[in-house]
Trainee: 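Sharing a structure here in structure tokens format.
As a basis for the values below, the full set of heavy atoms in this structure was taken, side chains included, without hydrogen atoms, waters or symmetry mates. Remember, predicted model here, so these are calculated numbers, not experimental data. Along the sequence shown, the residues carry numbers beginning at 1.
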Amino acid sequence: GMLNNYNGGAIIVEVENMAGTFHVSGGACSYPAGTTDNCINDAPITITAKKVTSADTMVGGILTGDTNTKYEASYSNLTNTENGVITIKKGSSFKTLYIGGISGRIASSSTTYGKPVSNCVNKGNIVVEDGVTITEDLIGAGLIGQFYNGKADANYLKDCSNSGSF
């Protein structure tokens, strides 16, 4: 997991002709394991990605995503500030894009291991410019693009808020 991280530097990513895994976050972590607590992104994320053909692209203000079914994890006190604007630039192309102010995707079909999310705040806008091509799915939201848990008692977003636009 990640504890007490702060990012204040702009993240600018430019890629072309990428077939492998493509995940971008605001500096806290990409694929965490365990507890992620008290992390802040206070800087913009700007992505130009031409011809990205990986199955799933995940973009988040704090973490890219967590789809592992083999461990328990929790996410709390994560903040993407109003400076944490996430912009996908025109000319970018994706197969499937998961995008959120906190995380692109937190998902587990496991009935054993949960991934509860609490006390998270997104104030940063999410901008997908005209001229972005998505051939399958755009799955996005202010907090977490896609969220689900197979473990019933860990399937919650608690005390979270979003004031950023999408």
Trainee: Taking Ile99 as the starting point, is it possible to reach Met18 by hopping between hydrophobic residues whose side chains are less than 4.5 Å apart?
Mentor: yes
Trainee: For the CD atom of Glu82 and the OG1 atom of Thr79, what is their distance to the nearest 0.5 Å?
Mentor: 10.5 Å
Trainee: Can Ile12 be reached from Val59 by stepping across I, L, V, M, F, W or Y side chains whose heavy atoms are under 4.5 Å apart?
Mentor: no
Trainee: Hey, what do you get for CG (Asn83) to CG (Asn125), rounding to the nearest 0.5 Å?
Mentor: 11.0 Å
Trainee: Applying the side chain to side chain donor-acceptor pair (under 3.5 Å) test to Tyr75, which of Asp66, Asp37, Thr36 qualifies?
Mentor: Asp66
Trainee: Please find the pair of heavy atoms, one from Gly61 and one from Asn41, that lie closest to each other, and give the distance.
Mentor: O-CB, 3.1 Å
Trainee: Could you tell me which non-hydrogen atom of Ala43 sits nearest to which non-hydrogen atom of Ala10, and how far apart they are?
Mentor: CB-N, 3.7 Å
Trainee: Quick one: NZ on Lys89 to CD on Glu129, what's the gap to the nearest 0.5 Å?
Mentor: 4.0 Å
Trainee: Same cluster for Val85 and Phe166 if Ile/Leu/Val/Met/Phe/Trp/Tyr side chains link at under 4.5 Å?
Mentor: no
Trainee: What closest approach, in Å, do Ile102 and Leu78 show between heavy atoms, and which atom pair accounts for it?
Mentor: CD1-O, 3.7 Å
Trainee: Say whether Tyr6 and Val121 are linked into one hydrophobic cluster, either directly or through other cluster members, by side-chain heavy-atom distances under 4.5 angstrom.
Mentor: no
Trainee: Quick one: does any side-chain atom of Ser103 pair with a main-chain N or O of Thr64 as donor and acceptor, under 3.5 Å?
Mentor: yes
Trainee: Looking only at atom types and distance, does a side-chain atom of Asn5 sit under 3.5 Å from a main-chain N or O of Cys39, one as donor and one as acceptor?
Mentor: no
Trainee: With sequence neighbours excluded, what pairs up with Glu14 under the side-chain hydrogen bond (donor to acceptor under 3.5 Å, both in side chains) test?
Mentor: none
Trainee: Check side-chain contact (heavy atoms from CB on, under 4.5 Å) between Asp159 and all other residues, then give those that pass, not counting sequence neighbours.
Mentor: Asn119
Trainee: Between Met58 and Val127, is there shared hydrophobic-cluster membership here, with clusters defined by ILVMFWY side-chain heavy atoms closer than 4.5 Å?
Mentor: no
Trainee: Give me the atom names and distance for the closest heavy-atom approach of Gly101 to Ile126.
Mentor: N-CD1, 3.5 Å
Trainee: Going from CG on Asn17 to OG on Ser93, what distance comes out if it is rounded to the nearest 0.5 angstrom?
Mentor: 8.5 Å
Trainee: Who passes side-chain hydrogen bond (donor to acceptor under 3.5 Å, both in side chains) against Thr48, sequence neighbours left out?
Mentor: none
Trainee: When the side chains of residues 131-147 are checked against the rest of the protein, which donor-acceptor pairs come out under 3.5 Å, sequence neighbours left out?
Mentor:
residue, atom, partner, partner atom, Å
Gln146, OE1, Arg105, NE, 2.5
Gln146, OE1, Arg105, NH2, 3.3

Trainee: What pairs with Asp130 under side-chain hydrogen bond (donor to acceptor under 3.5 Å, both in side chains), at least two apart in sequence or on another chain?
Mentor: none
Trainee: Roughly how far, to the nearest 0.5 Å, is OG of Ser165 from NZ of Lys123?
Mentor: 14.5 Å
Trainee: For Thr81, which residues count as a side-chain hydrogen bond (donor to acceptor under 3.5 Å, both in side chains) partner, sequence neighbours excluded?
Mentor: Asp42
Trainee: Any chance the side chains of Asn77 and Asn38 put a donor and an acceptor closer than 3.5 Å?
Mentor: no
Trainee: Considering non-hydrogen atoms only, spot the tightest contact between Gly164 and Asn162 and give its length.
Mentor: O-ND2, 3.0 Å
Trainee: Please report the shortest heavy-atom distance between Pro116 and Ala73, naming the atom on each side.
Mentor: CD-O, 3.2 Å
